[in-house]
Peer 1: 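The structure follows.
Atoms considered below: every heavy atom in the structure, side chains included; atoms not considered: hydrogens, waters and symmetry mates. In the text below, chain A, chain B and the rest are named by the order of the sequence lines, each starting its count at 1.
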2 protein chains.
Amino acid sequence: MAAAIDCFARLGYQGTSIERIARAAGVTKGAVYYHFRDKEDLLFSAVKDRIGGFEKQVLEAVTVAGDAQAALRRVVDACFLHATVSNHRRFIITLMIEALDTNPRLSAEFQRILRRMRAFLADLVRRGQGQGTMRTDIDPEMAAALIAGAIIGAEVQHYQDRTEIDLRATLDATLEALAAWLAPGGATHGIAASGGAKTW
Amino acid sequence: MAAAIDCFARLGYQGTSIERIARAAGVTKGAVYYHFRDKEDLLFSAVKDRIGGFEKQVLEAVTVAGDAQAALRRVVDACFLHATVSNHRRFIITLMIEALDTNPRLSAEFQRILRRMRAFLADLVRRGQGQGTMRTDIDPEMAAALIAGAIIGAEVQHYQDRTEIDLRATLDATLEALAAWLAPGGATHGIAASGGAKTW
DNA sequence: ACAAAGATACTGAACGTTCAGTATGTCTCC
DNA sequence: GGAGACATACTGAACGTTCAGTATCTTTGT
């Protein structure tokens with residue numbers, strides 16, 4: 001299944017043949033079909049088993065903390081980790097885009113994953129707003145979409161151009177930019193931020 | 001070729017059969033092979049002819065202006081336009097990701113496209129810094145990567161979840177966030193919602 | 001003015017290959 | 001010796017590609 005995830009992440013679902021996965025795993029096609037009903041079963045098993053596990057790990061590793069800004073940093077760190085040591089993040093992005101109009105069921109699965117991610121990030125922003133460390137005139141849902149988008153955008157560019165886009169540096173800069181935007185005191189219109197503002 | 005771009009953008013290169021393109025164009029497979037040497041030729045022609053045209057149009061539409069912030073807004077607007085009225089933006093993103101490990105030549109082409117885009121955005125930031133409307137302690141190249149990433153991330157999420165991610169609103173919020181980050185003197189200014197030029 | 005000659009745009013039917021899926025054989029360990 | 005864990009050989013369908021043939025325009029010679 002690790003071989004499958006790697007192949008799917010790099011070549012896409014349609015670009016990966018069962019035989020290729022089998023060879024990468026050091027077995028033959030028959031072995032694959034012994035463990036999985038068909039190609040789609042292998043795909044979904046990979047998504048639920050590994051990607052679901054990764055997602056859980058990321059979210060759980062963060063809910064412990066108190067400071068919203070620090071938690072945001074840890075989310076980004078977790079994404080960086082799973083984008084570099086394994087191919088889990090690229091798997092999600094690649095398959096997500098490929099599945100859009102070709103596999104409605106898988107696409108719905110990824111929709112749920114991204115929604116959970118955004119809901120989690122929105123909660124994080126709400127927490128920051130409650131703590132007074134984040135602007136209150138920003139919609140948490142929208143902030144979550146921007147944070148998720150910034151991470152995804154950084155990853156996509158990194159996968160496409162590893163020599164020009166250093167993922168670690170780009171994600172750090174992304175965090176900095178998000179912090180500057182989310183920091184209280186920069187309200188454009190509406191409610192002024194509450195006190196205790198501090199950059200970190 | 002319009003039919004090919006639409007199919008490629010939605011189903012990917014490997015997910016699109018020549019016959020599907022032909023049917024979408026109201027002809028048969030033979031007609032496609034009369035105009036294009038092979039499937040890859042069709043793909044590259046589509047990239048160079050249409051996507052290159054879009055890119056040119058975006059860059060030209062912006063170089064006229066003086067205000068860097070307004071120019072940034074127009075870049076985003078152009079991306080929005082080509083993401084909604086045609087499928088050009090989705091074509092780029094979909095094919096870019098699919099090509100990474102499956103079509104080195106195409107991947108190099110997209111690498112050049114993204115690099116041009118970032119170089120252009122970096123120049124834009126440099127202009128803003130020269131005008132005193134943007135912070136000078138930010139690396140223009142890095143800012144360009146973040147801007148491009150934010151746009152790409154917004155688009156990806158929109159394609160994946162059109163009901164939750166409104167592209168126009170998300171891009172507007174992205175602009176606002178970028179403006180808050182890029183604004184000189186810490187966080188004092190945002191960008192006014194939609195509307196004409198603004199003094200900074 | 002008009003027909004012969006050729007270019008252009010396309011059709012429909014093949015062909016070769018790839019690949020998901022299946023059926024059956026083989027080995028190993030309890 | 002039988003069941004689990006594979007390997008091997010094969011099938012059917014889809015797909016990229018080629019090609020002979022056809023219809024419609026365009027040019028040219030008389």
Peer 1: How close or far is atom C1' of D:dC6 from atom OH of A:Y33, stated in whole angstroms?
Peer 2: 16 Å
Peer 1: What nucleotide among D:dA7, D:dT17, C:dT22 has an atom nearest to a side-chain atom of A:A31?
Peer 2: D:dA7
Peer 1: Separation of A:Q14 atom CD from D:dC15 atom C1', in whole Å?
Peer 2: 12 Å
Peer 1: Given D:dC6, is OP1 or OP2 found less than 4.0 Å from the side-chain N or O atoms of A:H35?
Peer 2: yes
Peer 1: Do A:K29 and D:dA7 have a side chain to base donor-acceptor pair shorter than 3.5 Å?
Peer 2: no
Peer 1: Applying a 4.0 Å non-hydrogen cut-off, can you work out what B:S17 is touching in the nucleic acid: base, sugar-phosphate, or nothing?
Peer 2: sugar-phosphate
Peer 1: May I ask you to verify if any side-chain N or O of A:Y34 is less than 4.0 angstrom from the OP1 or OP2 atom of D:dA5?
Peer 2: yes
Peer 1: Does the pair B:R105 and B:E109 meet the rule for a salt bridge (Lys or Arg N to Asp or Glu O under 4.0 Å), with working shown?
Peer 2: CA-CA 6 Å; B:R105 201 166 127 241; B:E109 185 66 35; over 6 Å; no
Peer 1: Is any side-chain N of the basic residue among A:D123 and A:R126 closer than 4.0 Å to the acidic one's carboxylate O?
Peer 2: yes
Peer 1: Please tell me which of A:G15 and A:G30 maps to the more 5' nucleotide of DNA chain C, matching each residue to the nucleotide holding its nearest heavy atom.
Peer 2: A:G15
Peer 1: Return the nearest nucleotide to the side chain of A:T28; candidates are D:dG16, C:dG21, D:dA7.
Peer 2: D:dA7
Peer 1: Could you give the CZ-to-P distance, from B:R23 to C:dT11, as a whole number of Å?
Peer 2: 13 Å
Peer 1: Less than 4.5 Å apart, side chain to side chain, heavy atoms only: is that true for B:F91 and B:V47?
Peer 2: yes
Peer 1: Select one nucleotide: of D:dA7, D:dG16, D:dC10, the one nearest the side-chain heavy atoms of A:V27.
Peer 2: D:dA7
Peer 1: Which whole-number value in Å describes the distance from A:L42 CG to C:dG21 P?
Peer 2: 10 Å
Peer 1: In terms of the angle between their ring planes, are A:F8 and A:Y13 parallel, tilted or perpendicular, with boundaries placed at 30° and 60°?
Peer 2: tilted
Peer 1: What is the separation between atom OH on A:Y13 and atom C1' on C:dC19, rounded to the nearest whole Å?
Peer 2: 12 Å
Peer 1: Using whole Å, report how far CD1 of A:I18 lies from P of D:dA13.
Peer 2: 19 Å
Peer 1: To the nearest Å, give me how far apart CD (B:E40) and C1' (D:dG16) are.
Peer 2: 12 Å
Peer 1: Taking B:G128's backbone N and O only, do any of them form a donor-acceptor pair with B:T133's side chain (distance below 3.5 Å, no angle check)?
Peer 2: yes
Peer 1: Nearest-Å distance, CD (B:E19) to C1' (D:dT18)?
Peer 2: 15 Å
